[in-house]
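All of these numbers come straight from a predicted model, not from anything done at the bench.
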Amino acid sequence: MLVSIAALTLGLAAGGVLLVGVLNFALLRAVNSEAVTTAQGVAKLIDQDSLAEPIVANPAMQVQVIDSQDRVLAISANADRLVPMLHDDELRGLTDGAVREIPGSRIGLDGEARVVMVTAGPPTAPLRVLVARDTSDLSQGVRILRLALLVAFPLLVGLLATVLWRVLGAALHPVDALRAGAEEITGGGRAGRLPVPESRDEIHRLAVTLNGMLHRLESARIRQRAFVADAAHELRSPLTNMRTELEVSQRLPDTDWQALSTDLLTDVERLTRLVDDLLLLARSDDGGTGRVISAPFRSVDLGALVGTVTDRYPSVSYLRPAAPMEVTGEPDALGRVVANLLDNAVRHAKSRVQVTVSAQGSHRVITVTDDGPGIPDADRERVFDRFTRLDDARARDAGGSGLGLAIVRELVRRHGGTVTLSDAGPGLRVDVRLPALR
C-alpha cells in the first residue's frame with residue numbers, strides 16, 4: 001500500500017511539473033505568435049506606404065522601425081525613439097520571424113521581453129520592424145500556478161493517500177484475513193479452513209478454491225495416515241507369527257525344523273506379497289508420476305493370458321474363447337488383475353468359480369463369478385478401498401490383506417478400463433472392461 005501511495009505521489013508531482021512546463025511553453029508560443037502578427041501588420045503598412053506615427057499597437061507591445069543604419073524611423077507610443085531594442089550583434093544574422101529574448105530593463109520594463117524582427121520595404125532600402133512583448137504578466141501567471149500547485153499538492157496527496165488507504169484497506173482486508181487464517185492453519189491453531197468473505201468477488205472465489213484445496217490435502221493426509229497405520233498393522237501380523245514360532249522353537253528341544261522352515265517360508269511369502277502390494281499402491285499415489293506399470297504396453301491376447309493364469313487354479317472353470325481377444329496393455333499387470341480376482345473368488349466360493357472372456361463392442365470383458373456369499377450393494381464401492389475387509393477374522397485367517405481389489409481397480413484404471421461388481425445369484429460377479437486393440 002505504501003508503494004501505491006509513493007507511486008501516486010510521484011505521478012502527481014510529475015503531472016504538476018509537466019503542467020507548468022506545457023503552460024509556460026504555450027504562453028510563450030502565444031506571445032511569439034502575437035508579436036509576429038503585429039510585426040507583419042506594420043510591415044504591410046510600410047509596404048503600402050501608409051504607416052502612421054505613432055504606430056498604433058497593443059499597449060503591452062513596443063514597436064520600432066529601423067533602417068539599415070540602425071536608425072529609428074518610427075515607433076509606437078511607448079517605444080524608445082533613439083536606441084533600437086536590439087544591438088548590432090543581436091540583429092546580425094536574425095531572420096524574419098525570429099525571436100530574441102532580452103532584459104526588460106533595456107526598454108523600460110520590469111521583467112523579460114521577447115523581440116521579433118520582420119523585414120519590410122523595398123529590397124534596395126530595406127527596413128526592419130522590431131516588436132517587443134512584455135512577458136512579465138505571463139511569468140507572473142506561471143508563478144502563481146506553481147505556487148498554487150505547491151500549496152495544493154501536499155493537500156491533494158494527503159487526501160488521496162487517505163482515500164487510497166481506506167479503499168485499499170477495505171479491499172485487502174479479506175486478503176489479510178486469508179493470510180491470518182493460513183498462518184493459523186500452518187501453526188495448527190484451528191481446523192484447516194480459511195474464512196470466506198461475504199462478497200461475491202474474486203477474493204470470495206479464491207477463498208472457496210483454497211478451501212477446496214485444503215480439503216483435498218486434508219483428505220489425502222487422512223488417507224495417508226490410515227494407509228500407514230493399516231500397513232503397519234498388516235506387516236505386524238506375519239512378523240508376529242514368525243517371532244512367536246522362533247521363540248517357541250528355541251524353548252523346545254525337539255523342534256521340527258523342517259516344519260518350522262515351511263511355516264516361516266509361508267509367512268515370508270505373505271510378507272513379500274504385502275510389501276509388493278504396498279509398493280504398487282504407493283507408486284499409484286504419486287498422481288500418475290510413479291511407474292505403477294514398469295513394462296511398455298503392447299498387444300496382449302486376453303484369452304491366452306487369462307488361460308495361463310487360471311491354469312494355476314485347479315478349481316476354476318475357464319472356457320477359452322474361439323477367437324483372439326486382443327487388448328493393449330502390460331501382460332504382468334493384467335495377469336496380476338486376473339490373479340487377484342481369482343484369489344478372492346476361490347477364497348470365498350463354496351464350490352464353483354467360473355471365468356469367461358468376451359467381446360462387447362469396442363471392449364473386451366473378463367468376467368469372474370463365484371457362488372460365495374457375495375457383497376451387499378452398500379459395500380460394493382467400499383471394498384475397493386485399501387485394507388477393507390467385510391469379514392476381518394475370516395479374511396485375515398485366509399491370508400487376505402484387503403489390498404487385492406484396490407490393486408485391481410488401480411491397474412485396470414491405468415489400462416483405461418473399469419471394474420464393476422454385481423450379483424451372480426448366488427455369489428458375486430466381477431466384470432473387468434478393457435478397451436480392445438485398435
Side-chain angles (χ1 to χ4, degrees), residues 1-12 155-233 278-292 375-390 402-403 405-414 416-421:
M1 188 177 297
L2 293 177
V3 175
S4 300
I5 295 176
L8 177 63
T9 303
L10 292 177
L12 290 176
L155 300 177
L156 180 62
V157 170
L159 177 62
L160 291 178
T162 302
V163 173
L164 186 63
W165 187 276
R166 295 294 298 273
V167 171
L168 288 182
L172 295 179
H173 178 71
V175 178
D176 188 65
L178 290 178
R179 181 201 60 78
E183 186 174 355
E184 290 183 11
I185 292 172
T186 303
R190 60 182 180 85
R193 292 295 177 270
L194 296 174
V196 179
E198 297 180 359
S199 60
R200 302 291 177 174
D201 55 5
E202 290 78 4
I203 304 299
H204 175 88
R205 292 193 292 271
L206 175 63
V208 172
T209 302
L210 291 178
N211 278 334
M213 179 190 69
L214 291 175
H215 175 71
R216 291 190 294 272
L217 291 176
E218 179 68 14
S219 300
R221 185 180 67 86
I222 293 174
R223 288 196 304 269
Q224 183 182 23
R225 292 174 63 181
F227 180 78
V228 172
D230 290 335
H233 182 74
L278 292 174
L279 179 60
L280 187 147
L281 293 175
R283 287 174 176 172
S284 71
D285 287 338
D286 291 340
T289 58
R291 296 290 301 269
V292 177
I375 298 177
D377 290 344
D379 296 325
R380 288 178 184 170
E381 183 64 27
R382 186 169 68 88
V383 294
F384 288 104
D385 295 336
R386 300 167 186 181
F387 300 106
T388 298
R389 299 184 182 87
L390 302 183
L403 296 177
L405 289 179
I407 292 174
V408 167
R409 169 171 280 188
E410 179 62 29
L411 293 178
V412 171
R413 184 184 67 83
R414 293 302 175 101
T418 58
V419 184
T420 57
L421 306 181

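Partners of R380 by salt bridge (charged side-chain N to carboxylate O under 4.0 Å, His left out), not counting sequence neighbours, listed by chain and number: D377, D423. For L159, the side chain to side chain contact (heavy atoms under 4.5 Å, CB included) partners two or more places apart in sequence, or in a different chain, are V163.
Counting only heavy atoms from C-beta outward, the side chains of L210 and M213 approach each other to under 4.5 Å.
We find the CZ-CD distance between R409 and E381 to be 4.0 Å, quoted to the nearest 0.5 Å.
Looking at every heavy atom in both residues, F384 comes nearest to L405 through CD2-O, 3.5 Å.
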